[in-house]
K.L.:
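There's a structure below that I have some questions on.
Quick note on labels: first sequence line is chain A, next is B, and so on, each numbered from 1.
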Amino acid sequence: MDERYNPEKVESKWQEYWENNHIFRASEDKSKKKYYLLEMFPYPSGKIHMGHVRNYTIGDVVARYKRMNGYNVLHPMGWDAFGMPAENAAIDNKTHPAAWTYDNINTMRNQLKKMGFSYDWKREIATCTPSYYRWEQWLFLKMLEKDMVYRKESYVNWCGHCQTVLANEQVEEDLCWRCGEMVQQKKLWQWFFRITDYAEDLLIHCDKLPGWPEKVTVMQKNWIGKSIGSEISFKIEGRQNDIAGEGCINVFTTRPDTLFGATFMCLAPEHPLVESLSRGTDQEKAVALFVEKISRQERSSSAIETYEKEGVFTGAWCINPANGRRMPIYTANFALMEYGTGAVMSVPAHDQRDFDFAKKYNLDIVVVIQPDRTKSDTNQPENIYFDGQSTQGALDASTMTQAFSAPGILVNSGQYNGMPNDKAMSKITDWLEREGLGKKTVSFRLRDWGISRQRYWGTPIPVIHCQTCGVVPVPESDLPIVLPEDAHLLENGGSPLPTLDFFKKTDCPKCGRTDARRDTDTMDTFVESSWYFIRYCSPDCDNAMFDKEAVKYWMAVDQYIGGVEHAILHLLYSRYFMRVLNTLELIDFKEPFTNLLTQGMVSKETLRCPEHGYLFPEEALISEGKATCQKCGSDVEIGRVIKMSKSKKNVIDPNDLLNKYGADITRLFCLFAAPPEKGLEWNDDGVEGCYRFINRVWRLAGTCMEMTQGVESYTGPLSGLLDSDAKKLYTKTHQTIKKVTDDIEGNFHFNTAISAVMELVNVMYSMDLNTDQLQIQQISPEIKSVVAFSIRNIILLLSPIVPHFAEEVWEYLGNLNGITEQPWPVYREDALLTDEILVVVQVNGKLRSKFSVDAKSSDDLIRQTALADEMVQKHIGDQPIKKVIVVRKKLVNIVV
RNA sequence: GCCUGGGUGGCGGAACAGGUAGACGCAAGGGACUUAAAAUCCCUCGGAGCAUAGCUCUGUACGAGUUCAAUUCUCGUCCCAGGUACCA
């Protein structure tokens, strides 16, 4: 045995062993319980970074742990290979997205292999291969057949200078990231998946995912955003009611109880009525200018929500159906065309946004709900709605300083006066329904999924546009529509597909017209990642999207592990896709992931040079909180600490660690640093400690091997041992087995599992074990057999975490079969308990003393011992004892 | 802005279900071994105070509250991160 653990030698040895013996190949075996373990596949951005290493290490430990627990484990890996960065890299480096992508895949595959992950590499997939995306195209056609896809006009970010569409990420403060030109909004015809058809189902099942973190299902629920309310029609003044719906404005509101307080109306700037309402009024120009201004603004919800609320009077009025009040119609930037009906009835007295808007534009405020003073609302701080002048404690529109949105009693509401608002809600809706002015409706915040991308590096959308036949699906027999690889990315970032006649020009499959045009848009890359996990079950299946039997055996994914940043989009889209496949009767389940672990982000500060833009950490010199650029010497701006990403270059390449310490220590360190769900600001200061620990175990194994030669390890009951040291070590070992098992089973807290093993190792070191032959002879056979048991279990417990190291030590200890094939250790209940327990004593809640007692002591004895304690007596003094609380076998609190 | 998390020593973190705050490790300081260094081993290590073998006070972002007892529960505030529909 070498003096130290030598990763270079040992790790390649075992990696070869696993590969040559196909240890991690998975196949359907109905006699065994299956376990599908999946980590989110990476985008091949260049090299793996610490976020990947952390994610995949966590997954690998679980995979190996489950294997040791007797499961038939499927643990695949692949590449989310389409996407925008390949295009940007192609432009920057004058290469081809495909070449860049495949290069990266090769690099990253090698890196992953060096980490010793237990993947079944035979199942590797890359989504940019026609053999993969042809089934995505096939599914698109199926969905088109069933009207699950449709086309509509929608906006994209457009740079007039670059003549190209920009992703939200490419828009920086309303400007194009390439040329700095002001970004416009442009309307295009685009494809949408009808995910909203499944809104209710996706929502309901959020509560039927017990294996998901609650925070994720809560986020999804809020994202879907179901709200129950009413749709109400407001007549437009001076228009006939019956002009094809043009005579009314329909609003969606969750507060029909406040209808009598609606004093103005707000329409989304894109609302079809805005233009016609203002036409011919003196507001026409102002409205046109406003609409134009808004159309230039970014459309992401984070941008929209942070713009100052503003609007313009359209010059037209509508009538409140409840009280006949004339209400000015505004168009306002906070009314969203995508939500509800694109129109909002504004009730300034009871909605804060409306209140602010009314104050800004001097619009009427009418109070229609008064707080119910008979109920003491303890949650409301006193008087926040009152300015002190209204002595009756009633809201007064002229003096109120914020909207009142809490429950209360209706006023100024005709026949509904005096009614509690929750009751009024349904009463008013009933009345509207009877009058034909409204109805109860449900609205969702979730929008249909726009999948068209005006990009090159993606899955071509398999439809043809014909002047005679319109949109014609590509016949199934023509699939795949292969993305032409002899294309050059345009300097401006635009897609070359529309310029490639050989791709674009085609015959209409329906009427044969020779001037038909292929759709040159590609699909959102989230589409590929919405079903890759099902493809892994039968990656080579070439006559169907997947092999039904294989899918039946492996799906659903038992444990999915990935970054919390995917909590909404990717995970929701995947759930949606399974519903689509279910509806198409291709699968018989709806939920893809039974258990989910969302890993916290690995983050690091960004570095930005005024000359060279974002810098990699190694491109800057940092000292004393200041950074300078290695290339030009400029002062570098040290930015916020954010998740590692290639585009911001705040990535740590694990290669340095890997070269210096090897895979196992890198793995150990990643796990030891923090529990998986927690974010991690990168810092490799602790790695030395992991290195030391591994070598401590290495030396310990050597010592134990020499002193326990020919000794059977003890596995019997605790009562079979006499020596107190042997007993202690035996108990500690069983406690450690339990702790490590519970930490992995419970919530994957490997950091505390590792700590527990460290404690056990420390105990063994403190036992003065050694290799001196004379002294070995003096050590009792009992201790030797427990030591043999302990070291064996230490290696087993560590084996999923540091598998190369464990294999090597395992072999050294004289075992013939690889440790990956060993069963996970089991602890003995009878060996967990110690004879003595520690009781702490508090006086008035403050710790004053502690003592050990026999574990079998009664509460009463513990109470007496505590009261008799010298320190305790001192603190009680002559004060009378009010109460003594005894927490069983743990604590006594004496209240005086 | 909105939704979801998080905030504990110099640092990463621990604390089962309200019951000893700081396990385990890093860094730092001191010591042993060594010609020396590395490696290894041992000790100290939240802050403050004092009559300093020890004891007392204080301390889990901040401010209130519930409780015999709060890092843990409730309310409010601040800060940080993730998502916000074309980054993946």
K.L.:
Would you kindly check whether a donor in the side chain of A/Q842 faces an acceptor in the base of B/C68, or vice versa, at under 3.5 angstrom?
P.N.:
no
K.L.:
Using a distance-only test with no angle check, is there a side-chain donor-acceptor pair under 3.5 angstrom linking A/W158 and A/Q185?
P.N.:
no
K.L.:
Which label fits A/H570 and A/F526: parallel for a plane angle under 30°, tilted from 30 to 60°, or perpendicular past 60°?
P.N.:
parallel
K.L.:
Between the protein and nucleotides 41-44 of chain B, which nitrogen or oxygen pairs come in under 3.5 angstrom?
P.N.:
from, atom 1, to, atom 2, distance (Å)
B/C41, OP1, A/R696, NH1, 2.3

K.L.:
Hey, is the side chain of A/N222 pairing donor to acceptor with the base of B/C3 inside 3.5 Å?
P.N.:
no
K.L.:
Indicate for each nucleotide in nucleotides 47-63 of chain B, in 5' to 3' sequence, whether protein heavy atoms under 4.0 Å reach the base (B), only the sugar-phosphate (S), or nothing (-).
P.N.:
---------SSS-----
K.L.:
Hey, is the side chain of A/R640 pairing donor to acceptor with the base of B/C80 inside 3.5 Å?
P.N.:
no
K.L.:
Does the ring of A/Y155 carry A/K186 above it, NZ/CZ under 6.0 angstrom from centre and within 45° of its axis?
P.N.:
no
K.L.:
Stems in RNA chain B: runs of 3 or more consecutive Watson-Crick or G-U pairs, distances under 3.5 Å?
P.N.:
B:1-7 with B:78-84, B:10-12 with B:24-26, B:28-32 with B:40-44, B:46-50 with B:54-58, B:61-65 with B:73-77
K.L.:
If we count only N and O atoms by modelled type, under 3.5 Å, do the side chains of A/R667 and A/Y56 hold a donor and an acceptor together?
P.N.:
no
K.L.:
A/V564 side chain: which of B/G82, B/A85, B/G5 is closest?
P.N.:
B/G82
K.L.:
Counting heavy atoms not belonging to A/E681, are there more than 12 under 6.0 Å from its CD?
P.N.:
no
K.L.:
A/T752 has a side chain; which of B/C3, B/U20, B/A14 sits nearest to it?
P.N.:
B/A14
